[in-house]
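Right, one structure below, let's go through it.
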There are 2 protein chains.
Amino acid sequence: MVEAYKWRHRFRKHVSRWTLPRESILDLLSRTSKHLSAKEIYDDLSKAYPGIGQSTIYRTLSLLVQTGFLNKMDIGDGPKRYEYRSSSKMEHHHHLICTKCGKIIDYSDFIDEEEKLVKEAEKNITGKYNFKVQDHNIEFYGLCKDCH
Amino acid sequence: MVEAYKWRHRFRKHVSRWTLPRESILDLLSRTSKHLSAKEIYDDLSKAYPGIGQSTIYRTLSLLVQTGFLNKMDIGDGPKRYEYRSSSKMEHHHHLICTKCGKIIDYSDFIDEEEKLVKEAEKNITGKYNFKVQDHNIEFYGLCKDCH
DNA sequence: TATGGTAATGATAATCATTATCATTAACAG
DNA sequence: CTGTTAATGATAATGATTATCATTACCATA
């Protein structure tokens, strides 16, 4: 929990209390490269922290997304998944999603070309649809190395 | 229901029976440019077709997606939404999603540039991650003309 | 154009993910 | 240390979707 001190102070800016559930969830997600669901987080934390409530997981996840500590991801069917936004991982990235086993791979190549396309598209969208772009999302679906 | 004859025959290839619920759902979705949820479809059809069951809506939607008549879309929170795949709309398109009112706008500009980026990305992904790309999805989030 | 085999339907219950409620607990400012 | 009040955890409630199963109705065939 080396990061806890930094988290705590960053958190205070949002006028919230620093609690054990909050630290545990952030700690767990910061240590894995996996994209975990609320249930998976609950099951994992329950080992070291028996008695933690599911409600708390959901509430905390939602708070941590709002305050920019986590990303919430929506992968087709199944529950929402969450990933830690580290300063390095915060660098723009997208996902490769295996349609067979559901594995999610982070992908951050071709960002320059993507940036160019997105910029151009945004200009176009704003002009044609009068739509103010705030964010975008790109996903590739297919078969991972273990599934084909 | 001018299209019904064509639908019916296309459907038969999948060894399925052509029924009133199936025709009604396809008819409704082919006549609107909206992206409807199962509940919205149920509410609408119930007027002209009282007694239709919710189960049937879900089952039929899933079947129509499998057989390529419809696209299933996943827009953040809230229920899944469905759109008709007409031969013209089947042309590759993506969505602009308003983060305030939830409106979804179909968007099909810059397809050439996108195609180029995607092709290049696929090559890269295959080489680096040994991931066989089957499909992709691009979404822009922001504020529509009514919301800003 | 009847009819029987069977796929499809609709009512209902069940499941899964998530949110709401509320009494109890614990952060932390003073 | 202590009081306030935000956060927690147990529970119920909601919303979307899937499963079950007896009944209905497509449609191939005779």
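What you see is a predicted model; the values in this text were computed from it and never measured. Because only heavy atoms are used, hydrogens play no part in the values below, and waters and symmetry mates are left out as well, while side chains stay in. Every chain is numbered from 1, with letters handed out A, B, ... down the list of sequences.
- The bend of the helix from C/dT1-D/dA30 to C/dG30-D/dC1, defined by the angle between the axes of its first five and last five pairs, stands at 30° to the nearest 10°.
- Summarising the geometry, the separation between CZ on B/Arg22 and C1' on C/dA8 is reported as 6 Å, rounded to the nearest angstrom.
- DNA chain C is contacted by no residue of residues 38-45 of chain B, taking any non-hydrogen atom closer than 4.0 Å.
- Less than 4.0 Å separates DNA chain C from at least one heavy atom of each of the following residues of residues 46-58 of chain B: B/Tyr49, B/Gly51, B/Ile52, B/Gly53, B/Ser55, B/Thr56.
- Between A/Asp106 and A/His35, the side chains place a donor N or O and an acceptor N or O closer than 3.5 Å (distance only, hydrogens not considered).
- A side-chain N or O of B/Glu23 and one of B/Trp18 form a donor-acceptor pair less than 3.5 Å apart.
- Base engagement by A/Arg59 is indicated by at least one non-hydrogen atom pair under 4.0 Å involving a base atom.
- The nearest whole Å value for the distance from the NE2 atom in A/His14 to the P atom in C/dC28 is 15 Å.
- Here the C1' atom of nucleotide C/dT19 and the CG atom of A/Leu61 are 13 Å apart, to the nearest Å.
- Nearest-nucleotide assignment on DNA chain C puts the 5′-proximal partner with B/Phe11, out of B/Phe11 and A/Ser37.
- Per the geometry, CZ belonging to A/Arg81 stands 14 Å off C1' belonging to C/dC16, to the nearest Å.
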task = For each nucleotide in nucleotides 22-30 of chain D, reading 5' to 3', give B when a protein heavy atom comes within less than 4.0 Å of its base, S when such contact involves only the sugar-phosphate, and - otherwise.
result = ---BBSS--
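- Rounded to an integer number of Å, the gap from B/Tyr82 OH to D/dA16 P is 12 Å.
- Every residue two or more places apart in sequence or in another chain that forms a side-chain contact (heavy atoms from CB on, under 4.5 Å) with B/Arg12 is listed here: B/Arg8.
- Residues that satisfy the side-chain contact (heavy atoms from CB on, under 4.5 Å) test with A/Arg10, not counting sequence neighbours, are A/Phe69.
- Side-chain heavy atoms closer than 4.5 Å link hydrophobic residues (I, L, V, M, F, W, Y) into clusters, and following such links, possibly through other members, connects B/Met73 to B/Ile97.
- Considering only residues two or more places apart in sequence or on other chains, A/Glu122 meets the side chain to side chain donor-acceptor pair (under 3.5 Å) condition with none of them.
- Between the side chains of B/Asp27 and B/Tyr84, no donor-acceptor pair of N or O atoms lies under 3.5 Å.
- Tested against B/Leu70 for a side-chain contact (heavy atoms from CB on, under 4.5 Å), the candidates B/Leu26, B/Leu63, B/Thr60 yield a single pass: B/Leu26.
- For B/Tyr107, the side chain to side chain donor-acceptor pair (under 3.5 Å) criterion is met by no residue, not counting sequence neighbours.
- Partners of A/Glu40 by salt bridge (Lys or Arg N to Asp or Glu O under 4.0 Å), not counting sequence neighbours, listed by chain and number: A/Arg81.
- Atom NZ in B/Lys80 sits roughly 9 Å away from atom C1' in D/dT17 (whole-Å rounding).
- Looking at residues two or more places apart in sequence or on another chain, you find a side-chain contact (heavy atoms from CB on, under 4.5 Å) between A/Asp77 and B/Lys72, B/Lys80.
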List the atom pairs, donor and acceptor, that lie under 3.5 Å between side-chain atoms in residues 43-57 of chain A and the rest of the protein, sequence neighbours left out.
{"from": "A/Asp43", "atom 1": "OD2", "to": "A/Lys39", "atom 2": "NZ", "distance (Å)": "2.7"}
{"from": "A/Ser46", "atom 1": "OG", "to": "A/Tyr42", "atom 2": "O", "distance (Å)": "2.7"}
{"from": "A/Thr56", "atom 1": "OG1", "to": "A/Arg59", "atom 2": "NH2", "distance (Å)": "3.3"}

Using distance only, find each side-chain donor-acceptor pair of residues 134-148 of chain A under 3.5 Å and give its atom names and separation, not counting sequence neighbours.
{"from": "A/Gln134", "atom 1": "OE1", "to": "B/Thr99", "atom 2": "OG1", "distance (Å)": "3.0"}
{"from": "A/His136", "atom 1": "NE2", "to": "A/His92", "atom 2": "NE2", "distance (Å)": "3.0"}
{"from": "A/His136", "atom 1": "NE2", "to": "A/Glu114", "atom 2": "OE2", "distance (Å)": "2.8"}
{"from": "A/Asn137", "atom 1": "ND2", "to": "A/Glu139", "atom 2": "OE2", "distance (Å)": "3.2"}
{"from": "A/Asn137", "atom 1": "ND2", "to": "B/Glu139", "atom 2": "OE1", "distance (Å)": "3.4"}
{"from": "A/Glu139", "atom 1": "OE1", "to": "A/Tyr141", "atom 2": "OH", "distance (Å)": "2.6"}
{"from": "A/Glu139", "atom 1": "OE1", "to": "B/Asn137", "atom 2": "ND2", "distance (Å)": "3.4"}
{"from": "A/Asp146", "atom 1": "OD2", "to": "A/Lys103", "atom 2": "NZ", "distance (Å)": "3.0"}
{"from": "A/His148", "atom 1": "ND1", "to": "A/Cys144", "atom 2": "O", "distance (Å)": "3.2"}

